[in-house]
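Both counts, for ligands and for their atoms, begin at 1 and track the order of listing.
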Amino acid sequence: MPDTSIVNVKARRVWDSRGRPTIEAEVHTACGSVGRAIAPAGASRGSREAIDLRDGGVRLGGLDVSRAVAHVSGEIARRLCGMDVTRQLEIDQALCALDGSGNKARLGGNATVAVSMACAHAAAHAAGEPLWRHLAEGQPVRLPLPEIQIFGGGAHAGRRIDIQDLMVMPLSAGSFDEALSMTAEVYRAAGALMSEHGLLQGVADEGGFWPAFSSNEEALEMLVRAIERAGYRPGEQIGISLDIAASEFGRQGRYRLALEERELDSVEMAGMLVEWCRRFPVVSVEDPLAEDDTAGMGLFTAAVGDTVQIIGDDYLVTNAALVRAAAQEGACNAVLIKPNQVGTMTEALAALSAGKRAGFGTVVSARSGETEDVTIVHLAVGWDAGQLKVGSFARSERMAKWNEALRIEEALGSQARFAGRDALARNPARKPA
Ligand code: PGA
Ligand code: ZN
């Protein structure tokens with residue numbers, strides 16, 4: 001047995017896809033294995049997320065991470081050195097206890113998530129396995145159904161439209177490889193349509209086209225046309241998935257649609273979304289109502305949850321207790337898993353497992369601020385989440401993830417199974433896993 005005790009933990013400042021500082025952690029073991037991981041960063045964050053520790057002040061917009069870096073090289077390194085890197089649970093418990101704040105406010109969720117993921121990589125390295133296989137622990141895995149952004153809006157595109165992500169899900173694909181080539185056709189068709197209509201204005205934070213639409217509905221119509229122009233039947237071969245990110249423009253039961261200069265209450269907001277689900281081939285909706293609007297979430301889920309997947313992102317912040325509560329209340333039927341929302345691998349897995357136990361759909365997700373780090377792809381496969389959300393089909397911080405999934409599919413060879421449309425949650429027919 002190789003000696004997998006941790007001998008060194010260090011961190012460095014690197015830069016993310018928005019040109020902002022972020023933290024990379026590196027973990028070394030006695031047997032010479034090394035693991036490395038980079039913390040991503042969100043722009044439309046839930047208020048209950050783990051705290052992203054930034055320096056503040058004026059330099060680099062206050063976003064520098066020198067305090068988080070110092071925590072890793074200092075007290076985190078001192079605490080973890082000597083521990084067995086293969087004991088992920090004990091490592092993550094030690095990180096939580098050392099932080100002591102309940103939301104990683106002291107050490108920084110960016111520091112803890114980078115270290116936690118780096119430990120997982122080092123453990124896989126020591127075992128001579130790819131991370132996904134190491135995490136699967138011999139259980140069967142599937143390549144996830146991808147959710148891929150075509151148009152970006154909301155906080156990622158100067159709030160040009162209220163909806164944050166308009167995405168496609170290639171339902172009829174037989175493999176991950178086919179799912180990507182279907183998406184590539186839609187992305188190309190969408191770009192051509194936008195340019196023909198004089199609407200092309202570059203790309204948003206996650207690589208989707210930055211739209212100049214005059215209404216949310218126009219964006220939905222254009223997406224349907226792009227799917228058709230690419231030669232696919234909307235709803236049947238390719239479904240539409242929306243991230244409303246409603247906490248960005250709604251609170252205390254009031255929703256302000258900036259583009260249309262309208263204010264809706266919770267019932268009207270849910271009603272508008274129900275109408276969109278009837279008019280357009282929508283298969284999944286994320287954060288339809290705001291993080292403080294459990295009643296609205298429940299109303300929407302009761303109305304369309306038998307045919308539409310309803311994902312909690314800001315609403316659940318990768319928190320197992322919130323997932324269990326949402327299942328009890330019927331507030332949604334799927335959970336987004338973003339490891340940096342909670343700050344450790346173990347807590348992210350707990351949220352995912354709570355979702356599976358409740359019969360929820362589970363979607364591993366990137367953030368809008370990303371890097372070349374591809375850890376989340378290994379989590380999606382190794383934990384058999386069934387779905388993966390990474391942003392659009394452009395820019396290498398996104399493509400690195402899609403391409404990594406292709407490598408995993410190839411490595412699995414004839415054993416590769418693609419989750420496909422079965423991964424989508426439905427109420428109440430879906431049986432708990
Ligand atoms: P983010 O949001 O900008 O916080 O990463 C992405 C999302 O809402 O899914
Ligand atoms: Zn979201």
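A salt bridge links E248 with R159: the distance from a Lys NZ or Arg NE/NH1/NH2 to an Asp or Glu carboxylate oxygen falls below 4.0 Å. With respect to the salt-bridge test (charged N to carboxylate O, under 4.0 angstrom), the residues D243 and K389 qualify.
The residue from L180, T183, I227, V186 that alone fulfils the side chain to side chain contact (heavy atoms under 4.5 Å, CB included) condition with P170 is T183. Only one option out of K338, E147, Q341, E286 pairs with S365 in a side chain to side chain contact (heavy atoms under 4.5 Å, CB included); it is K338.
Side chain of E218 to backbone of S214: a donor-acceptor contact under 3.5 angstrom is found.
Near-neighbour remark for the Zn ion (ligand 2): protein N, O or S atoms under 2.8 Å are D243 OD2, E286 OE2, D313 OD2; waters not counted.
Taking the side chain as every heavy atom from C-beta outward, S392 and I150 never approach each other to under 4.5 Å.
The side-chain contact (heavy atoms from CB on, under 4.5 Å) search around L89 returns Q93, T346, not counting sequence neighbours.
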What short N/O contacts, under 3.5 Å, does ligand 1 make with the protein, listed by atom pair and distance?
unit_1, atom_1, unit_2, atom_2, d
ligand 1, 2 (O), S44, OG, 3.3
ligand 1, 3 (O), A43, N, 2.8
ligand 1, 3 (O), S44, N, 3.0
ligand 1, 3 (O), H156, NE2, 2.7
ligand 1, 3 (O), S368, OG, 2.5
ligand 1, 4 (O), A43, N, 3.1
ligand 1, 4 (O), S44, N, 3.0
ligand 1, 4 (O), S44, O, 3.0
ligand 1, 4 (O), R367, NH2, 2.6
ligand 1, 5 (O), R367, NE, 3.0
ligand 1, 5 (O), S368, N, 2.8
ligand 1, 5 (O), S368, OG, 3.4
ligand 1, 8 (O), S44, OG, 3.3
ligand 1, 8 (O), Q164, NE2, 2.8
ligand 1, 8 (O), D243, OD2, 3.1
ligand 1, 8 (O), D313, OD2, 3.0
ligand 1, 9 (O), D243, OD2, 3.1
ligand 1, 9 (O), E286, OE2, 3.2
ligand 1, 9 (O), D313, OD2, 3.1
ligand 1, 9 (O), K338, NZ, 3.1
ligand 1, 9 (O), K389, NZ, 2.8

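With 3.5 Å as the limit, one finds a donor-acceptor pair spanning the side chains of N103 and S101.
For residues 333-354, no residue pair satisfies the ring-ring contact (aromatic ring centres under 6.0 Å, His included) rule, not counting sequence neighbours.
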